[in-house]
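Below is a structure I'd like to ask you about.
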Amino acid sequence: GAGVSQSPSNKVTEKGKDVELRCDPISGHTALYWYRQSLGQGLEFLIYFQGNSAPDKSGLPSDRFSAERTGGSVSTLTIQRTQQEDSAVYLCASSLDGTRAYEQYFGPGTRLTVT
Amino acid sequence: KQEVTQIPAALSVPEGENLVLNCSFTDSAIYNLQWFRQDPGKGLTSLLLIQSSQREQTSGRLNASLDKSSGRSTLYIAASQPGDSATYLCAVDPNTGNQFYFGTGTSLTVIP
């Protein structure tokens with residue numbers, strides 16, 4: 001079946017511009033995670049959605065970052081006024097539910113480069 | 001805050017050799033631990049998930065063990081193949097909060 005998909009696969013943007021990254025989780029998965037992977041660093045948690053509950057935004061690094069999940073499915077991560085330190089691979093993952101008895105399945109990521 | 005460490009950072013072995021990758025974590029209050037592989041420029045592929053009540057999980061040539069009390073997990077790869085070359089990441093799901101904590105990975109190269 002279809003896995004987690006993300007778009008675009010690559011994004012180059014100028015400093016100061018806004019960007020939107022999209023994640024389509026596996027159908028039926030209610031839990032969705034966004035992570036950021038910088039060069040030489042481990043994965044950094046950004047935000048977690050579970051069903052219709054309020055998202056856990058505790059990992060967002062600044063108020064320039066926001067995310068939403070429409071209809072409990074597709075999610076969009078928005079970065080406003082991008083900075084060079086935002087350059088990273090942004091990974092999305094979904095899981096069957098939030099009980100954490102199930103594995104996370106990752107998308108291929110969006111490589112963001114801020115020039 | 002949970003900290004996850006993976007040693008070694010890089011490992012190079014000849015084809016056919018058995019090998020062990022290590023993952024350690026500072027807080028033993030975990031819900032589960034998951035091992036992933038990441039190929040260059042790709043996302044993460046789940047390999048094994050070990051619940052906190054389990055001691056090990058096996059899938060083909062892979063065996064993952066968990067010693068929660070000592071804060072350690074190992075991933076054993078038997079009869080390594082060049083196709084096993086990738087970065088291997090472990091992730092810990094703590095009892096509290098929603099985020100998983102990832103190690104920085106071990107980059108494995110299997111030489112034909």
Side-chain angles (χ1 to χ4, degrees), chain A residues 3-7 9-10 21 23-26 29-51 53-61 67 88-111 113, chain B residues 1-10 21 23-26 29-54 57 59 62 64 66 68 75 86-107:
Chain A
V4 178
S5 61
Q6 292 186 246
S7 61
S9 56
N10 281 284
L21 312 179
C23 172
D24 280 271
I26 293 173
H29 281 196
T30 62
L32 187 148
Y33 304 80
W34 281 99
Y35 295 90
R36 177 167 71 175
Q37 187 175 34
S38 304
L39 192 63
Q41 310 248 344
L43 270 75
E44 176 188 5
F45 166 78
L46 297 177
I47 189 169
Y48 164 75
F49 294 91
Q50 170 51 41
S53 302
D56 177 355
K57 304 179 183 179
S58 60
L60 295 178
V89 176
Y90 289 82
L91 293 163
C92 172
S94 71
S95 181
L96 188 59
D97 65 24
T99 65
R100 293 140 86 167
Y102 301 98
E103 299 163 272
Q104 293 186 82
Y105 294 87
F106 279 78
T110 293
R111 182 174 298 278
T113 303
Chain B
K1 176 186 171 184
Q2 178 77 263
E3 292 186 9
V4 182
T5 304
Q6 291 186 247
I7 295 175
L21 306 180
C23 173
S24 61
F25 45 96
T26 54
I30 67 169
Y31 194 89
N32 63 45
L33 184 146
Q34 195 167 354
W35 281 93
F36 297 87
R37 71 173 277 168
Q38 185 174 30
D39 294 281
K42 302 286 181 65
L44 278 66
T45 301
S46 177
L47 297 174
L48 290 163
L49 173 71
I50 311 178
Q51 302 287 351
S52 62
S53 59
Q54 298 173 322
Q57 283 284 341
S59 176
L62 305 180
L66 175 64
K68 203 172 67 165
L75 179 66
T87 296
Y88 290 80
L89 296 160
C90 69
V92 168
D93 184 3
N95 283 346
T96 58
N98 295 307
Q99 69 167 290
F100 285 68
Y101 292 88
F102 283 79
T104 51
T106 294
S107 177

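Quick caveat: nothing in here was measured; it's all calculated off a predicted structure. Both backbone and side-chain heavy atoms feed into the values below; hydrogens, waters and symmetry mates do not. Numbers restart at 1 for each chain; the letters A, B, ... are given by sequence-line order, proteins then strands.
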**Request:** Against chain A, label B/Phe36 side chain, backbone, both or neither, depending on which of its atoms sit under 4.5 Å from a heavy atom there.
**Result:** side chain
**Prompt:** Taking atom CD of A/Glu103 and atom CG of B/Asp93, what is their separation to the nearest 0.5 Å?
**Reply:** 12.5 Å
**Asked** If you count heavy-atom pairs under 4.5 Å between each of B/Gly103, B/Gly43, B/Ala9 and chain A, which one has the most?
**Response**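 Sorted descending by pairs with chain A, the first entry is B/Gly43.
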**Prompt:** Can you say whether B/Gln38 sits under 4.5 Å from chain A via the side chain, the backbone, both, or neither, judging by heavy atoms?
**Reply:** side chain
**Prompt:** How about B/Glu3: does its CD atom have over 12 heavy atoms from other parts shown lying under 6.0 Å from it?
**Reply:** no
**Gap separating the OH atom of A/Tyr35 from the CD atom of B/Gln99, nearest 0.5 angstrom** = 7.5 Å
**Item:** From OH (A/Tyr105) to CG (B/Leu44), nearest 0.5 Å
**Value:** 13.5 Å
**Complete:** Honestly, the part of A/Leu43 sitting under 4.5 Å from a heavy atom of chain B is both
**Prompt:** Checking heavy atoms, do the side chain of A/Gln37, its backbone, both or neither come under 4.5 Å from chain B?
**Reply:** side chain
